[in-house]
Amino acid sequence: MDDDIERILIPRERIARRVAELADEIGRTYSDSAAALTVVAILSGSVIFLADLMRQLPIRMKIGLITVSSYAGATTTSRGASILGELRVDVRGRHVLVVDDILDTGRTLRLVTAELRQREPVSVRTCVLLRKPAKVPPDVKADFVGFDVEDAFVVGYGLDYDDHYRNYPDIGILRPELYASA
Ligand code: IMP
Ligand code: MG
């Protein structure tokens, strides 16, 4: 895998420190809350982030996993995003925290938060590990953001190219020639 990474953008130690800070911020946000929390994580990109984050959240919670369709093999995903399957998450009367790997064009988060808001939650907040500020439209906001990154295609720590590199422990920029033809 190392040969396919042009350069490491965020090394694992920095990710770990930031995830701990995020857990702290999130924990404080919900600490006084009467309503219970459901974390809704978007598969598959958020799995590593989710696993690290949730173990540092000292809050009673439920977890719901949802899949949003994307174009296999393409580096620009979620054009015309749609939620796959039935949304089986316990949301009504609860706080909802949506967790995703990266906020890019905002289509994924816009779709998922709109769908969840229809189910009468107490609140819907969003948490992303990465955000590409250059591309995020003004109507899509993330409440908790790990890192703002440049507009390059990144992989690792859950993020993929064609479902590969999710297990790469750092976040790196993929060599452009590997996806130039996609
Ligand atoms: P959005 O819907 O355009 O905001 O994109 C969100 C989804 O696109 C993420 O959940 C990722 O799966 C994918 N994505 C966007 N940018 C990248 C990237 O640089 N590397 C890997 N996946 C990405
Ligand atoms: Mg993806």
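Read the numbers this way: they start at 1 and go in the same order the structure lists the ligands and their atoms. Heavy-atom basis, side chains included; hydrogens, waters and symmetry copies ignored.
- With a heavy-atom cut-off of 4.0 Å, Ser46 does not touch ligand 1 at all.
- Here the side chains of Phe49 and Leu22 are in contact, with some heavy-atom distance below 4.5 Å.
- Every atom of ligand 1 with a heavy atom of Ala152 under 4.0 Å away is listed here by number and element: 19 (O).
- Residue contact check: Asp100 has heavy atoms under 4.0 Å from atoms 10 (O) of ligand 1.
- In this structure, Leu159 is part of the shell of residues with a heavy atom less than 4.0 angstrom from ligand 1.
- Polar contact with ligand 1: present for Gly106 (N/O pair, distance under 3.5 Å).
- If you look at Val154 next to ligand 1, the close heavy atoms, those under 4.0 Å, come from the backbone and the side chain alike.
- Relative orientation of the Phe153 and Tyr161 rings is perpendicular, given thresholds of 30° and 60° on the angle between their planes.
- Considering each of Ile102, Val136, Ile173, the one bringing a non-hydrogen atom nearest atom 23 (C) of ligand 1 is Ile102.
- Taking the side chain as every heavy atom from C-beta outward, Val96 and Val89 never approach each other to under 4.5 Å.
- For the pair Arg7 and Glu150, the salt-bridge criterion is met [side-chain N within less than 4.0 Å of a carboxylate O].
- Under 4.0 Å from ligand 1, the heavy atoms of Lys132 that appear belong solely to its side chain.
- Counting heavy atoms from C-beta outward, Cys127 and Ile26 have side chains that approach closer than 4.5 Å.
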Q: Just do the side-chain hydrogen bond (donor to acceptor under 3.5 Å, both in side chains) check on Tyr157 and Asp52 with the steps written out, would you?
A: CA-CA 10 Å; Tyr157 196 75; Asp52 284 346; 2.7 Å; yes
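- Looking at Thr108 against ligand 1, both its backbone and its side chain come within 4.0 Å, counting heavy atoms.
- The shortest side-chain heavy-atom distance between Leu130 and Asp101 does not fall under the 4.5 Å cut-off.
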